[in-house]
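I have placed the structure first, in the form of structure tokens, so that the comments after it can refer back to it.
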Amino acid sequence: MINRIHAMLHLPERGWDPVPAQYAQRYAEIEWQKVDNQLVDILETWVGSWAGKSVLDLGGGPGQYAVAFARRGASVTWYDISRNYQQIAQQKAEEHAVDIEFLLGYLDEAPRRLGKQFDLVFNRICFCYGWSDKSFVRVIYDMVKPGGCGYIEANNSLFRREQLSMRNRLQTWLNERTGIKIGHPHPPRGRIAQLLLKYPLERILVDYEEATLDRVFFRKAK
């Protein structure tokens, strides 16, 4: 509820941007140097040929994966809250001569703003920005076509836990124990998969190889 109230008072269409321009540029430079093409290859084996597939890069940031999918032949929609990231991603799309649809807004509002489903919904390292873990899993699931796929890669609540301020520790504890989310605490380890299992799935794969990172792939039931 608190995150929803904050969203009502801070609207990107009125110029609000949570990501400062200098930070966006520094982050983009780092992320564009470490695109995981092996991940793109693996996703292609699960999704099938990219040609003609619709992909939503939900929380697309500086656009490195949106461009990677588009270069493989997918029809890509980039969606994010930050206009500064949008400008970077659009410039990169022009440099790589790919067509990508760009839309600005809160991640939780994507279903209403886009009004369609996708063959793949890709959500990487921004799951914590959903208004609640439970509702954001539903957002991602609902935007996948029947028989389509979703991929979520998220830092969990063990990520840099020792560096958290007292306030952030309290927010993390509250989310872990009650599911009440204030701010942007990372979800507890395993929660994303547990929430997805409440919905009809054809397949789910989880990767907990890294202690602070949850990777979840699922195929939605037809």
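- Distance alone, capped at 3.5 Å, is enough to place a donor-acceptor pair between the Tyr141 side chain and the Pro200 backbone.
- Of the possible donor and acceptor atoms, one in the side chain of Asp214 sits under 3.5 Å from a partner among the backbone N and O of Gly190.
- Note: Ile81 CD1 to Arg83 CZ = 9.5 Å, rounded to the nearest 0.5 Å.
- Using a 4.5 Å heavy-atom threshold, the side chains of Arg203 and Phe218 count as separate.
- The ring of Phe122 has its center closer than 6.0 angstrom to the ring center of Tyr151.
- Between Lys181 and Glu176 there is no salt bridge, since none of the side-chain N atoms of the basic residue sits less than 4.0 Å from a carboxylate O of the acidic one.
- In this view, Arg191 and Asp133, Asn175 satisfy the side chain to side chain donor-acceptor pair (under 3.5 Å) rule, not counting sequence neighbours.
- Once rounded to the nearest 0.5 Å, the distance linking CE of Met143 with NZ of Lys145 reads 11.5 Å.
- Linking Ile, Leu, Val, Met, Phe, Trp and Tyr residues whenever their side-chain heavy atoms come within less than 4.5 Å places Leu43 and Val76 in a single cluster.
- Side chain of Arg161 to main chain of Thr172: no donor-acceptor pair is present (N/O by atom type, distance under 3.5 Å, no hydrogens or angles).
- At most 12 non-hydrogen atoms from other residues, nucleotides or ligands lie less than 6.0 angstrom from OH of Tyr129.
- Between the side chain of Asn156 and the main chain of Arg189, no donor-acceptor pair closer than 3.5 Å is present.
- Side-chain contact annotation: Glu95 with Gln91, donor-acceptor N/O pair under 3.5 Å present.
- In this structure, the side chains of Cys126 and Leu107 come closer than 4.5 Å at one or more pairs of heavy atoms.
- Under the rule for a side chain to side chain donor-acceptor pair (under 3.5 Å), the partners of Ser165 that lie at least two apart in sequence or sit in another chain are Asn168.
- Atom CZ in Arg167 sits 12.5 Å away from atom CG in Leu164 (nearest 0.5 Å).
- Residues Asp57 and Ala66 share a closest heavy-atom pair of OD2-N, 3.2 Å.
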Apply side-chain contact (heavy atoms from CB on, under 4.5 Å) to Tyr65 and Val55, showing your working.
CA-CA 10 Å; Tyr65 283 98; Val55 176; over 6 Å; no

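- Counting heavy atoms from C-beta on, the side chains of Tyr199 and Lys220 never come closer than 4.5 Å.
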Step-by-step side-chain contact (heavy atoms from CB on, under 4.5 Å) determination, Ser135 to Asp108
CA-CA 8 Å; Ser135 65; Asp108 301 78; 4.0 Å; yes

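- The minimum heavy-atom distance between Val40 and Ala68, with the atom names listed, is CG2-CB, 4.3 Å.
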Which is it for Ile125 and Leu213 under the side-chain contact (heavy atoms from CB on, under 4.5 Å) test, yes or no, and what are the steps along the way?
CA-CA 9 Å; Ile125 312 298; Leu213 190 69; 4.0 Å; yes

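- Of the candidates Thr77, Val144, Leu58, Thr77 is the only one forming a side chain to side chain contact (heavy atoms under 4.5 Å, CB included) with Phe118.
- Counted by atom type alone, Ser54 and Asp119 present one or more donor-acceptor pairs between their side chains at under 3.5 Å.
- A distance of 12.0 Å separates CD1 in Ile180 from NZ in Lys134, rounded to the nearest 0.5 Å.
- Within the 3.5 Å criterion, the main-chain N or O of Pro62 finds no donor-acceptor partner in the side chain of Trp78.
- The shortest side-chain heavy-atom distance between Ile152 and Arg215 does not fall under the 4.5 Å cut-off.
- There is a side-chain donor-acceptor pair under 3.5 Å between Ser82 and Asp17.
- Side-chain N or O atoms of Arg219 include one that pairs as donor or acceptor with a backbone N or O of Gly147 at under 3.5 Å.
- Put simply, the side chain of Glu31 reaches to within 4.5 Å of the side chain of Arg124, judged on heavy atoms.
- Side-chain heavy atoms closer than 4.5 Å link hydrophobic residues (I, L, V, M, F, W, Y) into clusters, and following such links, even through other members, never connects Ile140 to Tyr106.
- Smallest separation of non-hydrogen atoms from Asp80 and Gly60: OD2-N, 3.3 Å.
- Ile100 CD1 to Gln86 CD: the interatomic distance, rounded to the nearest 0.5 Å, is 11.5 Å.
- A donor-acceptor pair under 3.5 Å links the side-chain atoms of Lys53 to the main chain of Ser49, judged by distance alone.
- Taking 4.0 Å as the cut-off between side-chain N and carboxylate O, Glu109 and Arg112 count as a salt-bridged pair.
- For Glu101 and Lys116, the salt-bridge test passes: some basic side-chain N is under 4.0 Å from an acidic carboxylate O.
- The closest side-chain heavy-atom distance from Trp173 to Arg169 is not below 4.5 Å.
- Both Leu39 and Leu120 sit in one connected hydrophobic cluster of ILVMFWY residues. Membership requires side-chain heavy atoms under 4.5 Å apart, directly or through other members.
- Heavy-atom minimum distance, Phe102 versus Ala93: CZ-CB, 4.2 Å.
- Annotation: the span from Arg138 atom CZ to Leu196 atom CG amounts to 11.5 Å, rounded to 0.5 Å.
- The residues Glu202 and Lys222 are annotated as not salt-bridged, no charged nitrogen and carboxylate oxygen being separated by less than 4.0 angstrom.
- Counting only heavy atoms from C-beta outward, the side chains of Val47 and Glu44 never approach each other to under 4.5 Å.
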Please step through ring-ring contact (aromatic ring centres under 6.0 Å, His included) for the pair Trp131 and Phe136, ending with a clear verdict.
CA-CA 7 Å; Trp131 290 338; Phe136 194 45; 9.3 Å; no

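- The 12-atom threshold is not exceeded at CZ of Arg160, counting heavy atoms of other residues, nucleotides or ligands nearer than 6.0 Å.
- In summary, the aromatic rings of Phe69 and Trp50 are positioned with their centroids under 6.0 Å apart.
- The minimum heavy-atom distance linking Ala70 with Val98 is given by the pair CB-CB, 3.8 Å.
- A 6.0 Å sphere centred on CG of Asp99 holds no more than 12 heavy atoms belonging to other residues, nucleotides or ligands.
- Heavy atoms only, all atoms of each residue included: Pro185 and Gly183 are closest at CD-C, 3.3 Å.
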Going through the checks in order, is the side-chain contact (heavy atoms from CB on, under 4.5 Å) test met by Ile182 and Leu174?
CA-CA 8 Å; Ile182 301 173; Leu174 187 65; 3.8 Å; yes

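- A donor-acceptor contact closer than 3.5 angstrom is absent between the side chains of Tyr27 and Gln25.
- The shortest distance between side-chain heavy atoms of Tyr79 and Arg113 falls below 4.5 Å.
- Both Val121 and Val137 are members of a single hydrophobic cluster when ILVMFWY side chains are connected at heavy-atom separations under 4.5 Å.
- Cluster membership check: Leu197 does not share its hydrophobic cluster with Phe217, using side-chain heavy-atom separations under 4.5 Å among Ile, Leu, Val, Met, Phe, Trp and Tyr.
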